[in-house]
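Computed from a prediction, not measured in an experiment: that's the story for all the values here.
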Amino acid sequence: MPKMKTSSGAKKRFKVTGAGKILRRHAMRSHNLEKKSSKRRRGFRKMQEVAPSDLKGVRKLLRGG
């Protein structure tokens with residue numbers, strides 16, 4: 001049986017840390033930035049952990065299953 005392929009979209013969007021946590025980029029960062037405060041925009045730069053409810057699905061995409 002051939003190997004399962006990792007989702008190409010998922011491997012570009014998520015990063016797995018050494019401890020096994022999955023990080024994602026912050027939402028609301030792409031447009032209409034003028035009306036958002038500098039403090040808020042700075043916060044968008046940080047990576048954020050994937051929500052526990054989404055972990056199962058994201059892991060499935062990353063492991064190719």
So how far is it from Gln48 CD to Arg25 CZ, rounded to the nearest 0.5 Å? 11.5 Å
Minimum heavy-atom distance between Arg59 and Ile22, given as atom pair plus value: CG-CD1, 3.6 Å
For residues 6-17, which side-chain donor-acceptor pairs fall under 3.5 Å, sequence neighbours excluded?
from  : atom 1 : to    : atom 2 : distance (Å)
Thr6  : OG1    : Leu62 : O      : 3.1
Ser7  : OG     : Ala10 : N      : 3.3
Arg13 : NH1    : Gly9  : O      : 3.1
Thr17 : OG1    : Ala19 : N      : 3.4
Thr17 : OG1    : Gly20 : N      : 3.4
Thr17 : OG1    : Lys21 : N      : 3.0
Thr17 : OG1    : Lys21 : O      : 3.3

Atom pair CE (Met28) and OG (Ser30), whose distance is rounded to the nearest 0.5 Å: 9.0 Å
A side-chain contact here means heavy atoms from C-beta on lying under 4.5 Å apart; do Arg29 and Leu33 qualify? yes
Report the distance from atom NE2 of His26 to atom CE of Met47, rounding to the nearest 0.5 Å. 11.0 Å
Tell me the closest heavy-atom pair linking Glu49 and Arg24, and the distance in Å. O-NE, 4.1 Å
